[in-house]
Amino acid sequence: MNPFSYGSVVKGQYFYDRHDECNRIVSTLTGGNNLVLFAPRRFGKTSLVFRAIEELEKLGYFCIYFDFMPVYSRESFIESFSKAILSKQSNLQKGVKKIATLIKGIRPKLVFDQVGKPEFSLDFTDDKVTENTLSEILDLPERLASEGKRYIIIFDEFQEINNLNGENFEKLLRTKIQQQGHVTYLFLGSRTHLLNDMFSNKSRAFYNSAMIMQIESLPKNETVEFLKSRFSKSDITIDETVALYLIEQAGNIPYYIQLLAAEVWQYMISLRKQVDIEIVGFCAEKIVDLKNDYYFELFGKLSAYQKKLLKSLLVSGENVFSADYTKRFRLSATSTTQKALIGLVEDSIVEKVEGKYFIADPFFRRFLFRYA
Ligand SMILES: Nc1ncnc2c1ncn2[C@@H]1O[C@H](COP(=O)(O)OP(=O)(O)O)[C@@H](O)[C@H]1O
Ligand SMILES: [Mg+2]
């Protein structure tokens with residue numbers, strides 16, 4: 001088994017650090033305050049929150065995790081959200097009955113799959129889901145909570161609510177949250193600019209409605225220790241300099257660190273000796289080779305100006321709109337740069353952290369060095 005894991009939520013021995021962040025999440029939520037946590041994709045938000053959920057459940061809270069990513073309509077929200085709530089009920093049959101009485105616009109039922117396992121399913125009584133039904137479903141946790149349970153609702157990739165809008169959904173949810181006394185909310189999101197706008201823009205419904213927390217990369221010294229100890233399980237050694245080199249090649253982004261380390265482990269496993277810089281470089285190149293077609297396609301779709309801009313970002317992502325930057329990279333008017341950059345950020349090719357722009361995927365960056 002590869003001692004490194006990437007792609008989905010990591011737990012147990014694949015997870016390290018984040019103690020302070022976890023404590024802060026737990027204390028904010030148990031204190032009854034809503035929280036919004038954001039960071040670019042692949043920094044470890046969902047994994048961190050699953051860790052916090054473990055702690056919160058130990059304290060007796062009911063945590064309902066809900067991912068907005070696959071939601072494409074009000075109907076699909078209602079269906080998945082009631083499913084998520086139901087999964088926390090000890091008696092499924094009772095839960096379904098309760099939902100049926102509390103929410104008028106839907107007909108929930110239990111169906112049995114091929115192996116006889118009960119599954120939740122629902123029909124809508126009307127062709128169009130009314131605001132009333134949506135309102136009732138959003139109240140469901142509070143109604144259940146008043147029976148002595150305390151609920152924490154986690155909305156992952158919350159910025160995707162923008163696609164469901166309109167803003168009626170956003171406003172309705174905000175109203176509900178304000179009214180509910182037994183439910184606390186944790187919002188997570190990757191598209192930092194969208195989320196920031198939702199919570200920090202005075203004209204938006206969620207303005208000032210939650211405490212804001214941003215998570216950074218994992219601390220390098222902890223990552224070095226993690227790499228050393230995970231490799232050592234297979235009798236592979238990696239010294240600090242090489243580990244730091246690996247971290248740098250992975251852009252110091254948790255997901256890419258594990259991706260690259262997994263590739264290095266794969267390469268080392270038959271040899272079982274010391275990892276060196278050449279091996280790390282070789283494996284990083286191999287990852288680019290594997291993703292080559294995808295990267296070509298991605299690059300091919302960009303406008304000529306966006307390609308030019310990406311090349312400048314390879315060198316520097318600071319003060320992108322300054323006269324110096326424009327001159328140095330022979331760019332067009334600031335408004336043109338702005339427009340091109342917005343497109344790149346929208347497509348998650350470029351991320352912005354603390355005013356600095358960077359290419360989100362360090363291996364795409366490597367690809368650009370090769371070909372652009
Ligand atoms: N605390 C951590 N310890 C070890 N690896 C982590 C940690 N957080 C994130 N990762 C790595 O990053 C990957 C993406 O994490 P995830 O929680 O899905 O990020 P996000 O929700 O921010 O996109 C994980 O699969 C794992 O490889
Ligand atoms: Mg996530």
Side-chain angles (χ1 to χ4, degrees), residues 1-26 35-55 63-71 80 84 153-161 186-196 212-233 238 243 246-266 283-284 287 345 347-353 358 360-364:
M1 270 281 271
N2 201 311
F4 301 101
S5 165
Y6 56 92
S8 55
V9 167
V10 283
K11 292 183 172 169
Q13 54 187 355
Y14 295 102
F15 183 94
Y16 62 96
D17 196 68
R18 299 288 193 216
H19 307 289
D20 294 347
E21 291 90 339
C22 185
N23 289 341
R24 203 163 141 215
I25 293 172
V26 171
L35 179 66
V36 49
L37 187 153
F38 59 88
R41 288 165 66 206
R42 301 174 161 175
F43 270 53
K45 294 175 296 296
T46 308
S47 301
L48 165 60
V49 164
F50 270 79
R51 180 74 204 77
I53 289 176
E54 279 174 33
E55 293 304 314
C63 299
I64 294 169
Y65 171 83
F66 184 83
D67 186 0
F68 263 93
M69 206 46 127
V71 175
S80 317
I153 311 275
I154 297 111
F155 283 140
D156 204 348
E157 302 296 357
F158 185 61
Q159 74 281 337
E160 299 303 308
I161 198 179
L186 169 58
F187 307 96
L188 308 182
S190 296
R191 315 278 299 275
T192 46
H193 60 297
L194 290 179
L195 211 62
N196 217 347
I212 292 181
M213 174 174 172
Q214 204 161 349
I215 63 161
E216 318 272 328
S217 285
L218 291 153
K220 283 187 184 164
N221 56 340
E222 297 280 345
T223 303
V224 169
E225 285 317 308
F226 175 76
L227 290 170
K228 279 185 179 171
S229 109
R230 299 301 284 163
F231 274 120
S232 78
K233 298 249 178 321
I238 181 165
L246 190 154
I247 293 168
E248 199 191 314
Q249 300 312 301
N252 194 18
I253 298 169
Y255 170 91
Y256 295 105
I257 291 169
Q258 297 237 26
L259 170 68
L260 182 52
E263 192 64 37
V264 170
W265 182 86
Q266 197 67 44
C283 290
I287 291 173
V345 171
D347 291 340
S348 299
I349 295 172
V350 169
E351 299 271 7
K352 184 181 167 192
V353 172
F358 67 96
D361 176 347
F363 297 100
F364 185 51

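The basis for the numbers below is simple: all heavy atoms, side chains too, and nothing from hydrogens, waters or symmetry mates. Residues take their numbers from the sequence shown, with the count starting at 1. Counting starts at 1 for both ligands and their atoms, in listed order.
In summary, T46 places an N/O/S atom under 2.8 Å from the Mg ion (ligand 2), meeting the contact criterion.
Heavy atoms from both the backbone and the side chain of K45 come within less than 4.0 Å of ligand 1.
Of all atoms in ligand 1, numbered sequentially from 1 with element shown, those under 4.0 Å from a heavy atom of Y14 are 3 (N), 4 (C), 5 (N). Annotation for ligand 1: atoms under 4.0 Å from non-hydrogen atoms of Y16 are 1 (N), 2 (C), 3 (N), 4 (C). For ligand 1, the atoms closer than 4.0 angstrom to any heavy atom of Q258 are 4 (C), 5 (N), 6 (C), 27 (O). Applying the 4.0 Å criterion to heavy atoms of Y255 picks out, from ligand 1, the atoms 11 (C), 12 (O), 13 (C). Of all atoms in ligand 1, listed by their number and element, those nearer than 4.0 Å to a heavy atom of S47 are 15 (O), 16 (P), 17 (O). Annotation for ligand 1: atoms under 4.0 Å from non-hydrogen atoms of S8 are 24 (C), 25 (O).
With respect to the salt-bridge test (charged N to carboxylate O, under 4.0 angstrom), the residues R51 and E54 qualify.
The minimum heavy-atom distance linking L195 with F38 is given by the pair CD2-CB, 3.5 Å. Residues S47 and S8 come closest through the heavy atom pair OG-O, 4.4 Å. Here the shortest heavy-atom pairing between F68 and E157 reads CB-O, 3.3 Å. Taking every heavy atom of both residues into account, S190 and K45 meet most closely at OG-NZ, 3.2 Å. The two residues I253 and R42 make their nearest non-hydrogen contact at CG2-O, 3.3 Å.
Heavy-atom proximity to atom 8 (N) of ligand 1, evaluated over A261, A39, G44, G7, is greatest for G44.
Ligand 1 lies out of reach of S190, whose nearest heavy atom is not under 4.0 Å from it. Ligand 1 is approached by S5 to a heavy-atom distance shorter than 4.0 Å. The shortest heavy-atom distance from V10 to ligand 1 is under 4.0 Å.
Residue, atom and distance of the protein heavy atom nearest to atom 21 (O) of ligand 1 are T46 OG1, 2.8 Å. Among protein heavy atoms, atom 23 (O) of ligand 1 sits closest to R42 N, 2.8 Å. Protein heavy atom closest to atom 10 (N) of ligand 1, with residue, atom name and distance, is P254 CB, 3.6 Å.
In this structure, the side chains of T46 and D67 stay at 4.5 Å or more apart for every pair of heavy atoms.
A perpendicular orientation is assigned to the rings of Y6 and Y255, their planes being inclined by more than 60° (bins at 30° and 60°). Using cut-offs of 30° and 60° on the angle between ring planes, the pair F155 and F158 is parallel.
Annotation: the span from I287 atom CD1 to L260 atom CG amounts to 5.0 Å, rounded to 0.5 Å.
Annotation: F43 places an N or O atom under 3.5 Å from an N or O atom of ligand 1; distance criterion only. Not a single N or O atom of R41, backbone or side chain, sits closer than 3.5 Å to an N or O atom of ligand 1.
Tested against F4 for a ring-ring contact (aromatic ring centres under 6.0 Å, His included), the candidates F231, F15, W265 yield a single pass: F231.
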